[in-house]
Amino acid sequence: MAVGDKYNHQKIEQKWQKIWEELGLYKAQDFSKRPKSYILIEFPYLSGDGLHVGHGRSYSALDAIARKRRMQGYNVLYPIGWDAFGLPTENYAIKTGIHPIEITKKNVALFRRQLKSLGLSFDWSREINTSDPIYYKWTQWIFLKMFECGLAYLAEIPINWCPECKIGLANEEVIGGNCERCGKEVERRQQKQWMLKITAYADRLLKDLDGIDYLEKIKAQQVHWIGRSEGVTVKFKVKSFSPRLIRPGRKKSKVDEVVEVFTTRADTLFGVTALVLAPEHRLITDCLSLVENRKEVEEYIKQSKKKSEFERTELEKEKTGVLLKGMYVINPVNNEKVPIWIGDYVVATYGGGAVMVVPAHDKRDYAFAKKYGLEIREVVKGGDISKEAFVDYGILINSGKFSGLESKEAIKKIGKWLERHKKGEQEVQYKLRDWVFSRQHYWGEPIPLVFCENCAVKIKNQKSKIKNFSQGELLNPGWKAVPEEDLPLELPYVKSYKPTETGESPLAHISEWVNTTCPKCGSKAKRETDTMPNWAGSNWYFLRYIDPKNDKVLADYKKLKYWLPVDLYNGGMEHTTLHLLYSRFWHKFLYDIGVVPTSEPYKRRRSHGMVLAEDGRKMSKSFGNVINTDDIVNTFGADVFRVYEMFMGPFDQAIAWNPKTILGVDRFLAKVRNITLGVIPSSSTLSSRASGVPMKSEQASEGRDDNLEQLMHQTIKKVSEDLDNMKFNTAVAALMEYTNELITQYGKLKTEYIETLLLLLAPFVPHITEELWHRIHPKLSEKRSIFKEQWPGYNLRLAKSKEIELVIQINGKVRDKTRTNADILEKQAEKLALKQKKIQTYIKGKKIKKIIFIKGKLINLVID
RNA sequence: GCCGGGGUGUUGGAACUAGGGAGACAAUAUGGACUUAAAAUCCAUUGGGCGUAAGCCCGUGCGGGUUCGAAUCCCGCCCCCGGCACCA
């Protein structure tokens with residue numbers, strides 16, 4: 001590598017990558033006395049397409065931070081692994097007939113090669129793979145612990161079912177109500193699914209956000225997703241006009257039936273003129289016999305069942321409903337008779353599946369009342385209810401003894417009144433739902449549970465021996481955990497991974513696997529055939545990096561204590577709700593059972609923007625606009641690629657790929673090579689060619705002789721701070737400026753300036769700087785890497801300018817500038833300003849009313 | 001509808017944390033040097049307008065305000081991106 005020579009990036013990058021690996025430069029040391037820094041990137045989901053430039057963006061950027069921290073003396077853990085289970089691999093397997101295990105092997109090799117070609121400083125000795133049985137043993141183990149603690153339960157819930165592919169679909173696979181793959185309309189089907197009680201952690205997941213450093217918008221998304229609201233659950237007694245109050249087959253009188261309604265606006269209770277129930281509401285099925293217009297109601301329910309979730313929530317803007325004739329409820333605050341409706345705009349799974357209709361003070365209720373001719377009764381003053389609903393707070397009217405109160409106060413008082421009279425309870429509701437944990441697919445972790453009919457019967461009948469069962473077993477009679485010593489429960493090798501006609505997982509086909517014996521009583525039992533979702537393995541992977549080979553526990557507690565929490569976690573914006581929430585949930589659970597030492601996994605979370613294609617669209621195989629990292633690395637080299645990805649724009653913003661800007665980066669690095677090799681006399685191989693850099697050096701601008709040192713200190717400060725704040729683009733810009741200035745002042749360079757340039761650049765440009773470092777220090781052994789050098793420090797005093805250009809303003813407008821020393825005082829500055837000819841012409845004949853002086857910056861003369 | 005982020009040259013963007021020189025750093029384009037030529041490299045110009053020039057005026061989505069001074073702060077509005085969405 002010399003000026004004039006073509007720089008052979010391939011040769012040099014490979015050379016150093018090999019040396020670094022041999023030196024074990026990036027191995028993190030457990031229990032080192034140096035301060036630890038755990039830097040984490042979201043591990044890639046394996047696909048046959050290989051590494052995408054989007055991966056490269058965050059990996060290079062975080063690599064720069066990791067490298068800088070090492071140079072600053074930190075013991076850095078920057079690990080990598082593979083998110084390997086999941087649908088895309090399974091679909092590819094179905095299409096090609098190659099087994100997912102084989103596909104995964106191939107993809108791992110591909111990703112590993114590509115990542116290594118970028119010169120990323122991962123600690124490869126800690127590599128993990130979620131589809132590896134020694135890894136998913138612990139995924140299963142965590143699940144069993146949750147089962148044991150009663151956090152896992154079976155529920156019959158609707159799933160998206162594609163009748164063409166005969167497969168259950170995840171919500172993400174349903175596009176506009178149709179199957180993503182075949183385009184056929186998706187149906188709703190009830191299916192038994194394992195659920196995890198994340199709702200039990202809702203409050204803590206919300207509250208603990210206060211103590212951690214997540215990007216504001218990420219926190220906002222989590223808060224929104226959890227959706228906490230305080231209110232009161234009001235009990236409305238059900239009455240019937242019909243004398244037949246006793247239903248056959250049930251002893252309880254209809255009069256005892258109560259509909260519970262959740263509201264955040266107890267202050268509007270006196271304005272209730274109807275109740276609306278979700279079509280799935282229990283009361284409707286229970287009391288259908290009492291309904292006079294039974295046929296009409298049944299027809300409505302049938303129609304709404306046909307609608308997909310999509311139609312019910314997206315298309316159907318207008319609210320519909322049917323009155324339940326012959327029944328009514330009693331409003332507990334004023335004992336009024338209130339009609340009951342059913343309407344499919346009411347969400348069955350939230351707040352008990354029933355809402356009270358207060359047309360005067362809720363937009364939806366207003367529209368509903370207008371459509372069906374319900375009374376609109378004003379109970380909060382402040383709006384004009386003849387025109388629209390008044391939804392703000394105000395003073396209560398028409399509200400009995402609560403009239404005259406302000407809404408906020410009324411909410412509290414009415415809530416308490418209801419509680420005192422046992423007509424309601426103050427409550428907190430969450431939008432967050434429990435997590436559907438079952439997948440009817442092959443390529444995932446088998447759920448390690450067994451169903452035993454014998455045990456089920458025992459639990460139902462023998463309540464006395466209840467102590468012998470775990471909470472999970474009691475909650476799910478007959479279900480047993482696979483014993484811990486039998487973990488991992490390995491995924492059996494099958495030939496066909498196609499889901500079955502019935503919607504069961506392909507594992508259901510393998511009778512020798514399904515049929516087993518109960519680990520508790522030894523009788524015949526059947527295995528669960530569902531597998532875990534893709535999220536399962538990625539929920540806790542960062543823990544396994546800390547102790548990847550441990551076969552006794554998921555990770556050694558002392559090691560966890562040393563490394564946790566993760567200091568910086570970076571990933572895509574698309575994972576900031578679900579992945580982050582699920583992962584925090586599991587972590588909190590592990591904390592509760594004493595497996596991990598912290599209640600939060602990630603101290604700081606940042607997200608990177610997507611890299612879009614040149615056309616501004618998302619990169620996608622179907623558009624044919626995907627850019628593979630190999631192409632860029634082959635043409636320009638890893639260093640150019642890395643700097644380009646960091647320079648292209650603000651890290652957290654989406655940005656389109658622009659091949660022209662890459663050239664600018666390539667030119668910049670060429671300049672760095674040239675100036676380094678041209679200046680240092682000891683690099684004998686090229687001293688004769690040093691003049692190959694035609695620089696505008698000779699006419700270095702006047703008055704700027706000794707400011708190179710100052711610029712150096714400023715640059716160190718800027719690059720250090722920008723890296724900490726993840727402002728990679730401006731850090732690179734500062735390095736470009738510094739380099740340009742070194743070129744302009746080519747005759748006056750000291751070795752220190754060049755060394756600093758290389759050290760500052762090293763985290764961004766590891767290969768070139770390492771090579772140049774050894775060129776300017778020819779006696780240095782190859783083992784003495786630049787990355788073992790110390791990160792340069794700066795001197796604030798030296799970074800400060802001695803001279804400034806004082807800005808002279810008149811009435812706030814810049815009229816002149818003049819060079820002077822930086823610590824000039826107001827009086828002198830004033831004199832200096834008044835001396836300027838230009839200024840004199842401006843103030844001639846005018847009176848100076850006021851002078852504003854900002855030290856080291858400007859003076860402003862205020863005139864008439 | 002709600003929440004979050006944003007709107008600056010031809011383009012990506014900088015300056016926004018704390019009000020003080022708008023356009024750093026790149027890219028693009030044009031002209032020039034070198035070359036038989038091209039590429040590469042180097043030099044100059046590159047927000048708009050007026051002016052021979054010195055220089056002046058305008059300009060950070062729109063309209064107002066605060067201030068000696070606003071891209072930055074406040075109020076109202078428009079538009080774009082991301083997320084959530086009949087959550088009572």
Side-chain angles (χ1 to χ4, degrees), chain A residues 6 215-225 227-229 231 261-265 268 276 278 312-314 316-319 343-358 361-365 367-368 429-433 573-574 576-577 607 609-610 644 647-650 652-665 667-668 670-671 674 692-696 725 727 729-740 743 804-817 838 848-854 856-863:
Chain A
K6 187 138 174 33
L215 223 55
E216 213 34 61
K217 60 174 164 181
I218 299 175
K219 274 195 189 179
Q221 275 183 30
Q222 298 236 325
V223 169
H224 188 94
W225 193 264
R228 182 182 199 272
S229 45
V261 176
F262 178 76
T263 180
T264 54
R265 292 296 302 269
T268 63
V276 184
R312 270 179 70 171
T313 56
E314 309 262 338
E316 194 67 37
K317 289 277 187 228
E318 187 159 352
K319 283 135 200 65
D344 63 7
Y345 73 93
V346 177
V347 177
T349 47
Y350 183 82
V355 294
M356 61 187 214
V357 179
V358 186
H361 304 290
D362 182 281
K363 273 190 187 167
R364 278 161 313 183
D365 295 352
F368 192 77
Q429 287 272 346
Y430 296 94
K431 284 187 209 170
L432 185 69
R433 306 291 154 77
M573 224 25 229
E574 67 276 22
T576 48
T577 41
S607 287
M610 238 192 309
Y644 168 66
F647 183 60
M648 63 198 301
D652 56 353
Q653 268 171 48
I655 198 152
W657 188 260
N658 179 354
K660 288 227 167 102
T661 318
I662 302 177
L663 292 174
V665 172
R667 281 175 204 149
F668 164 56
K671 282 184 197 169
N674 290 343
V693 200
M695 308 283 180
K696 45 178 179 177
N725 297 322
K727 291 164 92 175
N729 54 333
T730 48
V732 173
L735 285 161
M736 285 174 168
E737 271 179 86
Y738 180 55
T739 306
N740 289 342
I743 290 168
I804 52 148
E805 204 162 43
L806 183 75
V807 172
I808 306 167
Q809 293 184 338
I810 290 185
N811 289 345
K813 280 193 174 164
V814 181
R815 292 304 180 190
D816 205 358
K817 305 163 194 182
K838 260 180 82 178
I848 296 173
K849 286 201 299 194
K850 199 174 169 187
I851 291 174
I852 286 134
F853 176 69
I854 309 289
K857 195 89 200 176
L858 64 79
I859 183 161
N860 184 14
L861 310 175
V862 184
I863 60 172

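All chains are named by letter (A, B, ...) in the order of the sequence lines, taking the proteins before the strands, and each is independently numbered beginning at 1.
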- Message: Ring centroids only, cut at 6.0 angstrom: are Phe668(A) and Phe647(A) within range, meaning strictly under it?
- Response: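 Centroid distance Phe668(A)-Phe647(A): not below 6.0 Å, so no.
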- Task: For this output row, return yes or no: ring centroids of Tyr644(A) and Trp657(A) closer than 6.0 angstrom.
- Result: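 Yes, close enough.
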Just call it for [X]: base, sugar-phosphate, or nothing, with non-hydrogen atoms closer than 4.0 Å on any strand.
X	value
Val807(A)	base
Thr576(A)	nothing
Asp362(A)	nothing
Met648(A)	sugar-phosphate
Lys813(A)	sugar-phosphate
Glu216(A)	nothing
Leu861(A)	nothing

- Message: Using 30° and 60° as the class boundaries, would you call the ring planes of Tyr345(A) and Phe368(A) parallel, tilted or perpendicular?
- Response: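 Tyr345(A) vs Phe368(A) ring planes: tilted.
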- Item | Pair of N/O donor and acceptor under 3.5 Å linking rC86(B) base with Lys319(A) side chain |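 Present.
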- Does Ile848(A) have any side-chain contact (heavy atoms from CB on, under 4.5 Å) partners at least two apart in sequence or in another chain, and if so, which?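 Per chain and number, Ile848(A) pairs via side-chain contact (heavy atoms from CB on, under 4.5 Å) with Leu834(A), Ile843(A), Ile851(A), Ile863(A).
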- Query: Reading nucleotides 23-31 of chain B from the 5' end, what letters show protein touch, with B for base, S for backbone sugar-phosphate only, - for no heavy atom under 4.0 Å?
  - Reply: -BBSSS---
- Task: Can you figure out which of rA88(B), rG20(B), rG83(B) approaches the side chain of Ile854(A) most closely?
- Result: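 It is rG20(B).
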- Involving RNA chain B, stems made of at least three consecutive Watson-Crick or G-U pairs, both distances under 3.5 Å: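 Expected stems, ordered by start: B:1-7 with B:78-84, B:10-12 with B:25-27, B:29-33 with B:41-45, B:47-50 with B:55-58, B:61-65 with B:73-77.
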